[in-house]
Amino acid sequence: LLLGWVDSPGYPAGYLPHASLNWSRCAPKGHTLSIRLMHLDLEESKDCENDAVKIFSNGNLISVLCGGREFEDLESNVNPSLLSSPGGCLSLTFHSDYSNTKRHTGFRGFYTDQDFDECNDDPDNACTHFCHNHIGGYRCSCRHGYYLDGDNHTCTVSCGGGIFDELEGHLFSPGYPTPPPHAVSCQYIISVEPGFTVALNFTDIFHIESVQTEQGPNCLHHWLQVTIPDREPMKLCGEKSPDLIVTDSNTIRLDYHTDDEGLSKGWSLDYSTHRVKCPFPGNLANGRVTPILTEYFYRDYIFVRCDQGYKLMMDGEEVEGFSTMCQSNAQWHLPLPECHILDCGEPESLLNGGVTFLSGLQNQYLSVIQYHCNEPFYSLLGGANVVYTCEADRRWRSNSSIVVRPTCIPVCGQPTTLLSSYQR
Amino acid sequence: IIGGSDAPENSIPWQVLLSLNGHRGGGMVIGDRWIMTAAHNVMANGNPVSSENVRIFMGLNDVNTLLVSPVIAASIHIHPQYNNPNYVDFNHDIALIKMQDPVTFNSSIMPICLPAEGTAYIPGTMGLVTGFGVTATTRGRILTNKMKYVHVPVVTQETCSNSITLLKKTGTNVPSLTNNMFCAGVPEGGKDSCQGDSGGPYALRNDGRFWAAGIVSWGVECGKQGAYGVYTKVDQYRDWIDKTMQEN
């Protein structure tokens, strides 16, 4: 805080001949410095050429005082002008000549700095909308629909700006539904992640000035251009809403342009997104695809299960399970596998016996075999007619579903030749 | 075999000829690796013979042909209670021989069935005893090269016991009859097993199957009137047989 008293030499007893004083102070940035003279009693002379107090602002003389002044006069006429520019300096000089006819008390002043109100007192503050003063400075702000430019003073129409990357959203022209200032040039980019397509649904008022030509309305001066990759840009104007525009793209650019004439109330739209659709996965021989849906979209998974007795094969390799996802490019990330019939492998050979295929393709699912032992010297443990079927678990299982390693057990006590004696 | 006949080919496919340090003994096939015989066949001077000294022949009825390809024994398992240092105690006269390699059965080699423990031995039932042991001819007892067989009936334990009691009075060191033995033969004599047959099968037949009722064990002379052949009663050893085979 800058404040204090500045007095003439000898005050209040009075100054002597050839007295002098040089005083100077500077205000901080955003502040002004003022002097308030409380008392003035100097020798009176023409143009204050004998005794005088001179006050300068930034070296420029702003006041020369002598004689005696009443407090009220000082308050109303002198003090208001003893003010520095914002951040400027005040200087004060005092001198007395060689003689005085009577003794004069001199002067007393109180100096102080104070905030400068740039918003009200500085015509050059250049805030185009709002100005807010604060101690030592000021700040500009803008109305809704505008943003403060890089110079911190200028308010420019806010065009929504940036990239709209949410899966749904709402866009509108500047100031909508109030007509915006002229010469608007706004760009909006809707860019959602790949795998989604954007649909634009214009709602409520659609009002963009058009020019009537022989060919019909023409978007000559004002327009909203919709640009979809790999397609011709569409210029929209008039008062008829385009309603719904399905783009089949995940990136859309909207350019809204008005020139400095005419009137367009603007537009607003809701955009929504849909997942891209993958082709129907098709049917699978000896297996099925789950879930069964009428349509498959981005990020949908499908699973494949083979019928009982079949195994999943991909690229010639058996796989435990299979799933594929609908990708952002509307293609399945893996092609469907195939279901191949299971194979139980060669049945185990049987010591002192053999195996006979009864039905089915050799070793494949549901093939049926029968083991036999070399009769009459061996018999099959568990019975002679045990058949084995190639089951879904790739094992040869008997009728009773039990995996039993067949065994030939020797036949005992039954010679092929019997002792015979017919003599009695 | 006294009073027997030549066995036709493949009629006694379980019959085994054992060659034990120059002695001849019998045995019977009971599994594709196992031979059952008498314990006294595989003992010499009170000790088990070495398995390397046991040669096993099977599959043919003519010894001359049979001797061409002996089977090698792998191990000998004598009943742990057999103790007959002086040849007067034939109780528990049973042993098993394990063969090094299994044999494949066919019409000439086939196992004989084993009885369940407690199987009834009905006196009078005609049994079949076979072997390559000595035979009686008009010129005396000779060792045969042909497998012989003879049918002799099971006799009651009492009949047998009485016979042995009488024999003990006339002979010395006649062994005793135990419940682990039974007798077979005819009182008039002339049909019997004899030296060289021991260890061989005494087979009974039920429901078309031959089963090993006895093992040729001992007797007082051969084919003698009033004397019977004494056989190890196999059903008494079913537990030991099963256990020995399972553990080995």
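Since the model is a prediction, treat every value here as computed from it, not as a measurement. Letters A, B, ... are given to chains in the order of the sequence lines, protein chains preceding strands, and every chain is numbered from 1.
- Annotation: side chain of B:Arg209 is in contact with side chain of A:Cys412 (closest heavy-atom distance under 4.5 Å).
- Here the CG atom belonging to A:Asn352 is positioned 7.5 Å from the CG atom belonging to B:Asp32, to the nearest 0.5 angstrom.
- Ranked by heavy-atom pairs under 4.5 Å with chain A, the first of B:Ser107, B:Pro8, B:Pro13 is B:Ser107.
- For chain A, the option among B:Ile109, B:Asn106, B:Leu128, B:Leu114 with the highest count of heavy-atom pairs below 4.5 Å is B:Asn106.
- Taking both residues in full, the closest heavy atoms of A:Pro415 and B:Asn10 are given as CB-O, 3.5 Å, listed atom of the first, atom of the second, then distance.
- Shown here is A:Arg288, whose CZ atom has no more than 12 heavy atoms of other residues, nucleotides or ligands within 6.0 Å.
- At a 4.5 Å heavy-atom cutoff, B:Trp211 makes no contact with chain A through either its backbone or its side chain.
- Across all non-hydrogen atoms, the minimal contact from A:Gly413 to B:Trp14 is CA-CZ3, 3.8 Å.
- The closest donor-acceptor contact from the side chain of A:Tyr378 to the backbone of B:Phe105 lies under 3.5 Å.
- Remark: B:Lys191 NZ is loosely packed, at most 12 non-hydrogen atoms of other residues, nucleotides or ligands lying under 6.0 Å away.
- At most 12 non-hydrogen atoms from other residues, nucleotides or ligands lie less than 6.0 angstrom from NE2 of A:His274.
- Around atom CD of A:Gln364, more than 12 heavy atoms belonging to other residues, nucleotides or ligands sit under 6.0 Å away.
- By the 6.0 Å contact criterion, CD on B:Glu188 is enclosed, its count of non-hydrogen atoms from other residues, nucleotides or ligands being greater than 12.
- Under a cut-off of 6.0 angstrom, the local environment of CD in A:Glu168 is sparse, with at most 12 non-hydrogen atoms contributed by other residues, nucleotides or ligands.
- Looking at B:Ile12 and A:Leu419, their side chains come closer than 4.5 Å, going by heavy atoms from C-beta outward.
- Shown here for A:Leu418 and B:Arg205, the closest heavy-atom pair between the two residues is CD1-NH2, 3.4 Å.
- The number of heavy atoms from other shown groups lying within 6.0 Å of NZ (B:Lys98) is above 12.
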